[in-house]
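To start, the structure under review is shown below, and the notes come after it.
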There are 2 protein chains.
Amino acid sequence: MARQQSIPRWQVANVEDRFIAAWGQMGAAWGVSRTMAEVFALLYITARPMNTDDVMDRLRISRGNASMSLRALAEWGLVSRAHKRGDRKEYFIAEQDVWALSRKVMRERLRREVLPLLTTLHELRDVTERRAEQPPGTPLRLASDDEPAPADAHRPVNPAEVRQLNDRIDALLELVQTIDRLGERFVGSDGKGLRLAANVLSRIV
Amino acid sequence: MARQQSIPRWQVANVEDRFIAAWGQMGAAWGVSRTMAEVFALLYITARPMNTDDVMDRLRISRGNASMSLRALAEWGLVSRAHKRGDRKEYFIAEQDVWALSRKVMRERLRREVLPLLTTLHELRDVTERRAEQPPGTPLRLASDDEPAPADAHRPVNPAEVRQLNDRIDALLELVQTIDRLGERFVGSDGKGLRLAANVLSRIV
DNA sequence: CTGGATTTTCAATAATCTCTGAAAGATCGT
DNA sequence: ACGATCTTTCAGAGATTATTGAAAATCCAG
């Protein structure tokens, strides 16, 4: 095999910049703030411990912004904190294992953005659910409705329609639950969950 | 089994509203415009063909907004267009099969937000890649750099570091490719891909 | 072809989200 | 305890994105 060719520093910086931009873009498309994604990208691609000033200077962002982004990344578990002897500054290091990364992202996103939906869907189903074993006399209306609703609003809805509404909520509930459980599977297993899944599925389908 | 209890219309509307709000919220968290997610939620949960005015009135949004959102949803393949005899208005119907829905969402998101990243990562790797079979004399610098860079920028980077940089890009490339292929798997298979995956994985891990 | 009905477009506006920078708060060595 | 260094906070400024509404385009029946 031929010898590795050396590359001028400016070209490496260019690669890093393009990587950071692309990663930031993707983050933004998936609902992560662009800057936070960029800070992570910087730490990942350089694979060097960096302090707030390093990040500020390289990304041309304010101290406050850098501080917030780094903290958020630490909360997500995507970067860890480190210290250097004789230096009071705090340094940050990006997790380099991409499987660990995807696990952490998945866990956090499930917790923050799927669970709340799941909760709401359950609540809603409680309303539309067949109340088979409920005592017949139970009042349907909640206590607190003092708004003068039009008479039409009180017309009872065809029970068949209610059942269909319930079924639609149920179907979504099942989907979201499946996604949630699937995610938890990865999270729960060791670091290689996604890779395992990929292999298994390739063989099956 | 006891008889299904009837529910006043206002309570159904309340369930629908809460569903729409929750769905919109989740959409926003995942980088989909809140309104677009809400319009879909409305069409899905009512399971009725609706025209632009219906959506405008129910969601209290402008005609333009409703029109744009409906069109986008149609482009995503999440709603289909329909017509009623003797009515020139266009009606929209939400896909009700949640597995088909997840397939369509996944396909579009892969295409729009993963593929571009994949492309960039490939481009970047082309730069850092070992140029084993490349002719030795090939110039490293691109033709067009007239900017007066500081001498430091031209200092060659330690080849070992370049290799490590390449490895980091490679690792991410592999991850993103895995996700992409995994997604394509669902898309390519019949409607039940996700459910199948869920079952298989539950048994394995 | 015409007129009315419907949809689409898009510049202006509004709402939302993000970033800054300076001040307040922490932390540490002496 | 003090001063120096570093970090966090957050109100205001700025940037971005979403929304409106009215005009323009499209469509269709007669």
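Scope of the values below: all heavy atoms of this structure, side chains included, with no hydrogens, waters or symmetry mates. A, B, ... follow the sequence lines: proteins, then strands. Residue 1 opens every chain. All figures in this text were calculated on a predicted structure; none of them were measured in a lab.
If you measure from atom CD of B:Glu90 to atom C1' of D:dC28, you get 14 Å, rounded to the nearest angstrom. For B:Arg81 and C:dT6, the CZ to P distance is 16 Å, given to the nearest whole Å. Taking atom CZ of B:Arg60 as the reference point, atom P of D:dG21 lies 13 Å away to the nearest angstrom. Whole-Å rounding puts the B:Met68 CE to C:dT6 P distance at 21 Å. Between the NZ atom of A:Lys84 and the P atom of D:dT5 there is a distance of 19 Å, given to the nearest Å.
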Measure all distances between protein nitrogen or oxygen atoms and nitrogen or oxygen atoms of nucleotides 25-29 of chain C, and list the pairs falling under 3.5 Å.
residue	atom	partner	partner atom	Å
C:dT27	O2	A:Arg88	NH2	2.6

Any N/O pairs under 3.5 Å between the protein and nucleotides 22-24 of chain C? List them or say none.
none

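Annotation: the terminal axes of the helix from C:dC1-D:dG30 to C:dT30-D:dA1 meet at 30°, where each axis is the rotation carrying the C1' atoms of four end pairs onto the next four (5 pairs per end, rounded to 10°).
A:Ser67 has a side-chain polar atom (N or O) that falls below the 4.0 Å cut-off from OP1 or OP2 of D:dT8. Checking the phosphate oxygens (OP1, OP2) of C:dC19, no side-chain nitrogen or oxygen of A:Ser62 falls inside 4.0 Å.
Interface residues of residues 24-59 of chain B facing DNA chain D, ordered by number: B:Ser33, B:Thr35; criterion, heavy-atom separation under 4.0 Å.
Applying the salt bridge (charged side-chain N to carboxylate O under 4.0 Å, His left out) criterion to B:Glu108, with sequence neighbours excluded, gives B:Arg111, B:Arg112. Residues passing the ring pair (Phe, Tyr, Trp, His ring centres under 6.0 Å) test with A:Phe19, sequence neighbours excluded: A:Trp23.
A salt bridge links B:Arg63 with B:Asp53: the distance from a Lys NZ or Arg NE/NH1/NH2 to an Asp or Glu carboxylate oxygen falls below 4.0 Å.
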